[in-house]
Amino acid sequence: MEEAFEAYTAGHADGSAGLRDRQRAVHPDTGDDYRIGVVDGSVAAFQAELVAEVRRLLGENR
C-alpha cells in the first residue's frame, strides 16, 4: 500500500511540473496510481494558473 502512495505522490509532483515518467506510468503494480497522481497534479496546476489569471484580470494583487 505504501508503494501506491509513493507512486501517487511522485505522479502528483510530476503532473504539477508538467512532466511524465513513462517507466513509472507502465509499472505493473503502481502504474495506475502514478497516472492518477499525474492527472491530479496537472489539474491542481491548471487550477492555480486559472485562479492567478482571474485575479490578474480582476486587478487583484494576491
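Here, residue 1 is the first one in the sequence, and each next residue gets the next number.
- Screening residues 26-41 for salt bridge (charged side-chain N to carboxylate O under 4.0 Å, His left out) gives D32-R35 as the qualifying pairs, with residues at least two apart or on separate chains.
- Judged as a side-chain hydrogen bond (donor to acceptor under 3.5 Å, both in side chains), the pairs with a partner in residues 12-26 (not counting sequence neighbours) are, in order, D14-Y34.
- Residue Y8 is found in a hydrophobic cluster whose other members, listed by chain and number, are I36; membership requires side-chain heavy atoms under 4.5 Å apart, directly or through intermediates.
- E49 is linked by a salt bridge (charged side-chain N to carboxylate O under 4.0 Å, His left out) to nothing, counting only residues two or more places apart in sequence or in another chain.
- Applying the side-chain contact (heavy atoms from CB on, under 4.5 Å) criterion to L57, with sequence neighbours excluded, gives E53.
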